[in-house]
Amino acid sequence: MPQHVSADEVDDFETATRDLVGLALRSVDHVDMSLPQFRLLLTLHEIGPASSTDCARALGVVGSSITRLADRLHTSGHLVRGSDPSHRSIVRLELTDTGRKVVRQVNDRRRTELAAALSHLTPEARADCAQALRDLHSVLSEEGKNDDLRRHLPL
């Protein structure tokens with residue numbers, strides 16, 4: 001049964017959300033691409049080679065947005081476009097080694113910044129925070145399971 005949550009608790013989580021989103025956004029500052037382009041690379045990293053339709057669904061955007069992003073990323077050498085062997089009209093997208101390297105660099109940068117921040121907390125505070133985040137993720141994942149607007153979106 002849901003319990004009462006104070007406004008201060010909600011404010012604290014909202015602040016943490018802004019902090020974490022800021023960290024995620026800063027981590028792409030050093031790469032020469034837009035956030036939407038990086039999100040497409042991250043999506044392909046997470047789900048593997050996929051159709052442009054599947055990528056659009058995963059990112060919550062329309063197919064024409066994926067086409068424009070994929071065109072730029074193909075030109076820059078971050079992904080390859082091809083057709084699906086079982087259905088020639090389906091455009092299949094796949095990361096190149098260059099694309100995988102960018103995702104790895106951004107993720108490494110995020111992890112380094114997170115580790116630096118977490119090193120200022122006591123081991124007990126880190127453990128409590130990590131458990132709270134796992135619990136919150138579990139609740140949000142369950143609530144968003146059948147709701148496209150509440151699902152996990154790559155960032």
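Predicted model only: the values in this text are computed from it and were never measured.
With rounding to the nearest 0.5 Å, the separation of CG in Asp32 from CD in Gln37 is 8.5 Å. Distance check, rounded to the nearest 0.5 Å: CG of Asp8 to CZ of Phe13 gives 12.5 Å. Taken from CD in Gln131 to CZ in Arg126, the straight-line distance is 15.0 Å, to the nearest 0.5 Å. Residue Thr96 holds its OG1 atom at 6.5 Å from NE2 of His78, rounded to the nearest 0.5 Å. With values rounded to the nearest 0.5 angstrom, Leu59 atom CG is found 5.0 Å from Arg39 atom CZ. Rounding to the nearest 0.5 Å gives a distance of 6.5 Å between CZ of Arg72 and OG of Ser34.
Closest approach of Ala70 and Leu40 over heavy atoms only: N-CD2, 4.0 Å. Across Ser27 and Val106, no two heavy atoms sit closer than the pair OG-CG1, 3.4 Å. Here the closest heavy-atom approach between residue Cys55 and residue Leu44 is recorded as SG-CD2, 3.6 Å. Of all heavy-atom pairs between Pro36 and Leu69, the closest is O-CD1, 3.8 Å. Across all non-hydrogen atoms, the minimal contact from Leu93 to Arg81 is CD2-CG, 3.6 Å.
Surrounding CG of Asp135 are more than 12 heavy atoms belonging to other residues, nucleotides or ligands, all under 6.0 Å away.
Under a hydrophobic clustering in which Ile, Leu, Val, Met, Phe, Trp and Tyr are joined whenever their side-chain heavy atoms come within less than 4.5 Å, directly or via other members, Leu42 and Val21 fall into the same cluster. By the criterion of side-chain heavy atoms lying less than 4.5 angstrom apart, applied directly or through intervening Ile, Leu, Val, Met, Phe, Trp or Tyr residues, Leu35 is grouped together with Ile66 in one hydrophobic cluster.
By the salt bridge (Lys or Arg N to Asp or Glu O under 4.0 Å) test, Arg111 is found to be paired with no residue, residues two or more places apart in sequence or in another chain being considered.
Looking at Ser65, its side chain never comes within 3.5 Å of a backbone N or O of Val61 through a donor-acceptor pair. At distances below 3.5 Å, not a single donor-acceptor pair connects side-chain atoms of Glu142 with backbone N or O atoms of Val139. Under the 3.5 Å distance criterion, the side-chain polar atoms of Glu113 are left unmatched by any main-chain donor or acceptor of Arg110. The main-chain N or O of Leu73 is found under 3.5 Å from a side-chain atom of Ser76 such that the two form a donor-acceptor pair. With Ser138 contributing its side chain and Arg134 its backbone, the two residues share no donor-acceptor pair below 3.5 Å.
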*Worked check of side chain to side chain contact (heavy atoms under 4.5 Å, CB included) between Val28 and Val31*: CA-CA 6 Å; Val28 298; Val31 296; 4.0 Å; yes
*Starting from the C-alpha separation in whole Å, work towards a yes-or-no answer on side chain to side chain contact (heavy atoms under 4.5 Å, CB included) for Val102 and Met33.*
CA-CA 10 Å; Val102 167; Met33 67 181 54; 4.1 Å; yes
_Could you walk me through whether Val91 and Ser51 satisfy the side chain to side chain contact (heavy atoms under 4.5 Å, CB included) test, starting with their C-alpha distance in whole Å, then the side-chain angles of each, then the deciding distance to 0.1 Å, before giving a yes or no?_
CA-CA 5 Å; Val91 176; Ser51 71; over 6 Å; no
*Please assess Leu118 against Leu121 for the test side chain to side chain contact (heavy atoms under 4.5 Å, CB included), listing each intermediate value before the final yes or no.*
CA-CA 5 Å; Leu118 290 169; Leu121 301 177; 3.9 Å; yes
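Taking the side chain as every heavy atom from C-beta outward, Glu94 and Leu79 never approach each other to under 4.5 Å. With contacts defined as side-chain heavy-atom distances shorter than 4.5 Å, the pair Leu140/His137 does not qualify.
The existence of a salt bridge linking Asp54 and Arg57 is confirmed by a sub-4.0 Å separation between a basic side-chain nitrogen and an acidic carboxylate oxygen.
Judged as a salt bridge (Lys or Arg N to Asp or Glu O under 4.0 Å), the pairs with a partner in residues 97-109 (not counting sequence neighbours) are, in order, Asp97-Arg100.
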